[in-house]
Amino acid sequence: MNIINFVKGIKIGIEPYFFDNVDIEVEQAVKNAISSLEREGAVVETVRIPTLPYAQYAEMITIISEASAIHHQNLVEREEDFGDDVRFLLKLGEIPSAVDYLQA
């Protein structure tokens, strides 16, 4: 299938949040690719996902809680085997409730 036929008329939503804190080279490469798709007939629109900036917090709750669940017994029995940074994160992961975790 020719890419021109595939792209023509397809809608592409771009959330500006993804350009925050990105290296300028990466941003330019993505914007160039978007422009290329537009030239081939894609329809590009700005979309807003209001909760997107909070996704990183939900991800941290999920990742740290899961790591804490996996390593809980070792943390209880052999706390000194963990470095200060890892021990801190694992203990932090035990703070969120099940409700917090599931909502994240």
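All of these numbers come straight from a predicted model, not from anything done at the bench.
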Using only atom types and a distance under 3.5 Å, with no angle test, would you say the side chain of E15 pairs donor to acceptor with the backbone of I49? yes
Side chains of N74 and D81: does their closest heavy-atom pair fall under 4.5 Å?
no
Requested in this report: Please check if atom CG in N21 has more than 12 non-hydrogen atoms from other residues, nucleotides or ligands closer than 6.0 Å.
Outcome: no
Between F82 and V86 the two heavy atoms that sit nearest each other are CD2-CG1, 3.7 Å
Residue pairs meeting salt bridge (charged side-chain N to carboxylate O under 4.0 Å, His left out), one or both in residues 44-57, sequence neighbours left out, come to K11-E45
Hydrophobic cluster membership, with links at side-chain heavy-atom distances under 4.5 Å among I/L/V/M/F/W/Y: are V43 and L37 in one? no
message: Could you see if I63 belongs to whatever hydrophobic cluster contains I70? Use Ile, Leu, Val, Met, Phe, Trp, Tyr and a side-chain cutoff under 4.5 Å.
response: no
Co-membership, hydrophobic cluster, residues I10 and V44, 4.5 Å side-chain: yes
Here the gap from D20 atom CG to E27 atom CD, rounded to the nearest 0.5 Å, amounts to 9.0 Å
Minimal heavy-atom distance between I34 and I14, with the atoms involved, is CD1-CD1, 3.6 Å
Interatomic distance, CD@Q28 vs NZ@K31, rounded to 0.5 Å, equals 7.0 Å
message = Tell me whether F88 at atom CZ has more than 12 heavy atoms from other residues, nucleotides or ligands lying less than 6.0 Å away.
response = no
- request: Is it possible for you to say whether V30 and V7 belong to one hydrophobic cluster, with membership spreading through side-chain heavy-atom contacts below 4.5 Å?
  value: yes
In terms of heavy-atom contacts, L90 and S68 come closest through O-OG, 2.5 Å
Taken to the nearest 0.5 Å, the spacing of L92 CG from I61 CD1 works out to 9.5 Å
- Message: Is it the case that the side chain of T62 and the backbone of A58 share a donor-acceptor pair, with hydrogens and angles ignored and the cut-off at 3.5 Å?
- Response: yes
Applied to residues 86-104, the side-chain hydrogen bond (donor to acceptor under 3.5 Å, both in side chains) test, sequence neighbours excluded, yields E66-Y101, H72-E94, E79-K91, D84-R87, S97-D100
State yes or no: do L102 and I95 share one hydrophobic cluster built from I, L, V, M, F, W and Y residues joined by side-chain heavy-atom distances below 4.5 Å, directly or via other members? no
Distance col, row I64:CD1 vs E59:CD, nearest 0.5 angstrom, shows 10.0 Å
